Enquirer: 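To start, I am sharing the structure in question, which I have written as structure tokens.
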Amino acid sequence: KIKTPISPTGPTTMLEHLSSREFEEYCQLLMMALHRCRVDVTQQTRDGGRDLFVHHSTGLWIVECKHWPTGTVGRPVVQKLHSVTLTSNSCRALIVTTGRFSQDAENYAQSLTDIVVELIDMAKLAHMISVAFPNGALPTNLSVAIKTTPDATFAQIFAQSIFSPDRFQRGTSPKNP
């Protein structure tokens with residue numbers, strides 16, 4: 001469990017020591033907790049400027065995660081995400097960073113009229129974390145926190161759960177595999 005809360009003045013040791021991939025997984029859990037929807041992580045390399053797909057009730061959101069504790073996200077990152085979002089037929093985009101945004105990046109994001117590109121710096125990220133995980137109740141091993149089914153076995157498990165005899169008997173509840 002995380003014992004130290006995230007402060008708006010800077011990342012805690014926990015966030016600083018995450019790899020880029022672990023930060024993406026952390027953001028996945030955060031988005032799932034905040035928005036109560038499915039969030040997919042893209043492949044680790046050649047992701048096309050997209051790290052997360054948030055399947056929100058308002059439509060698909062594209063998220064780019066930048067784990068740059070001492071860095072600044074500039075306008076080119078915002079421009080690339082804007083383009084990727086348009087070609088993905090998405091309605092919203094977010095850039096989440098452990099660093100900050102340049103004034104040029106903020107101005108560009110605010111000037112967009114076709115879609116919303118929300119910029120989440122460390123201070124906003126700290127607030128989101130405190131809302132989603134008020135007691136720091138998040139496992140340190142992020143991969144374990146997401147229960148998934150391998151693609152190869154999903155069809156079999158799905159069919160067993162849908163077509164199980166228990167499902168059609170009165171007075172019984174279906175078993176969750």
Side-chain angles (χ1 to χ4, degrees), residues 1-45 47-74 77-78 80-82 84-85 88 90-102 105-106 109-110 115-151 154 157 161 176-177:
K1 303 270 185 208
I2 300 171
K3 296 188 188 310
T4 312
I6 306 297
S7 74
T9 57
T12 65
T13 304
M14 195 278 299
L15 281 181
E16 288 175 353
H17 294 290
L18 292 179
S19 68
S20 293
R21 184 59 171 190
E22 289 169 331
F23 181 63
E24 291 170 7
E25 292 172 351
Y26 185 91
C27 290
Q28 177 189 27
L29 291 175
L30 181 62
M31 294 293 157
M32 288 168 57
L34 287 172
H35 301 293
R36 306 282 186 228
C37 63
R38 188 176 104 217
V39 179
D40 300 323
V41 179
T42 62
Q43 63 187 19
Q44 198 160 357
T45 57
D47 61 15
R50 304 168 296 192
D51 294 322
L52 304 175
F53 293 109
V54 178
H55 301 273
H56 195 270
S57 60
T58 61
L60 180 66
W61 297 2
I62 307 295
V63 181
E64 178 71 5
C65 304
K66 294 295 183 189
H67 184 39
W68 297 346
T70 58
T72 302
V73 177
V77 174
V78 180
K80 182 178 179 183
L81 184 62
H82 177 243
V84 166
T85 303
S88 299
S90 175
C91 62
R92 186 177 187 93
L94 296 89
I95 301 173
V96 182
T97 184
T98 50
R100 60 187 193 88
F101 292 94
S102 70
E106 290 178 8
Q110 290 173 359
I115 60 166
V116 173
V117 176
E118 184 177 351
L119 305 182
I120 301 171
D121 63 6
M122 189 56 218
K124 288 180 184 175
L125 179 59
H127 175 72
M128 291 169 66
I129 292 168
S130 70
V131 169
F133 310 115
N135 300 318
L138 179 66
T140 53
N141 183 352
L142 300 176
S143 301
V144 172
I146 306 170
K147 184 172 172 44
T148 59
T149 302
D151 289 344
F154 178 78
I157 291 171
S161 68
N176 190 357

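Here the structure is a predicted model, which is why all the values come from computation and not from measurement. All values below come from the heavy atoms of this structure, side chains included, with hydrogens, waters and symmetry mates left out.
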Enquirer: Minimum heavy-atom separation for Ala132 and Leu34, please, with both atom names.
Expert: CB-CD2, 3.7 Å
Enquirer: Rounded to the nearest 0.5 Å, what's the gap from CD on Gln28 to CE on Met32? Could you check?
Expert: 5.5 Å
Enquirer: Please determine whether side-chain hydrogen bond (donor to acceptor under 3.5 Å, both in side chains) holds for the pair His67 and Ser20, giving the CA-CA distance in whole Å, both sets of side-chain angles, and the decisive distance to 0.1 Å.
Expert: CA-CA 6 Å; His67 184 39; Ser20 293; over 6 Å; no
Enquirer: Roughly how far, to the nearest 0.5 Å, is the CD atom of Glu106 from the CG atom of Leu119?
Expert: 6.5 Å
Enquirer: Has Glu22 got a side-chain atom pairing as donor or acceptor with Ser19's backbone, closer than 3.5 angstrom?
Expert: yes
Enquirer: Checking Glu64 side chain against Ile95 main chain: does a donor-acceptor pair fall under 3.5 Å?
Expert: no
Enquirer: Is there a donor-acceptor contact under 3.5 Å from the side chain of Thr42 to the main chain of Leu52?
Expert: no
Enquirer: Where do Ile120 and Leu94 land on the side-chain contact (heavy atoms from CB on, under 4.5 Å) test, with the steps shown first?
Expert: CA-CA 7 Å; Ile120 301 171; Leu94 296 89; 3.4 Å; yes
Enquirer: Closest approach of Asp121 and Arg100, non-hydrogen atoms and distance?
Expert: CB-CA, 4.2 Å
Enquirer: Between Ser88 and Ser90 (side chain of the first, backbone of the second, donor and acceptor by atom type, cut-off under 3.5 Å), is there such a pair?
Expert: no
Enquirer: So, taking the atom named OG in Ser57 and the one named CZ in Arg36, what distance separates them when rounded to the nearest 0.5 Å?
Expert: 13.0 Å
Enquirer: I'd like to know whether Val41 forms a side-chain contact (heavy atoms from CB on, under 4.5 Å) with Arg21, so could you lay out the CA-CA distance, the side-chain angles of the two residues, the decisive distance to 0.1 Å, and finally the verdict.
Expert: CA-CA 9 Å; Val41 179; Arg21 184 59 171 190; 3.3 Å; yes
Enquirer: Would you mind telling me which of Asp40, Val63, Val84 makes a side-chain contact (heavy atoms from CB on, under 4.5 Å) with Arg50?
Expert: Val84
Enquirer: When the ring centroid of His55 is compared with that of Trp61, is the distance short of 6.0 Å?
Expert: no
Enquirer: Run Ile129 and Val131 through side-chain contact (heavy atoms from CB on, under 4.5 Å) and show every step you take.
Expert: CA-CA 5 Å; Ile129 292 168; Val131 169; over 6 Å; no
Enquirer: Can you tell me if Thr97 uses its side chain to pair, donor with acceptor, with the backbone of Lys66 under 3.5 Å?
Expert: yes
Enquirer: To the nearest 0.5 angstrom, please state how far the CE atom of Met128 sits from the CZ atom of Phe133.
Expert: 10.0 Å
Enquirer: Heavy atoms only: give me the nearest Cys27-Val96 pair and the separation to one decimal.
Expert: SG-CG1, 3.8 Å
Enquirer: Compare every heavy atom of Phe101 with every heavy atom of Thr72, then report the nearest pair and how far apart it is.
Expert: CG2-C, 3.7 Å
Enquirer: How close do Ile62 and Leu60 get, counting heavy atoms only, and between which atoms?
Expert: CD1-CD2, 4.0 Å
Enquirer: Could you walk me through whether Phe23 and Thr98 satisfy the side-chain contact (heavy atoms from CB on, under 4.5 Å) test, starting with their C-alpha distance in whole Å, then the side-chain angles of each, then the deciding distance to 0.1 Å, before giving a yes or no?
Expert: CA-CA 9 Å; Phe23 181 63; Thr98 50; 3.5 Å; yes
Enquirer: Please check: side-chain N/O of His56 versus main-chain N/O of Thr58, any donor-acceptor pairing under 3.5 Å?
Expert: yes
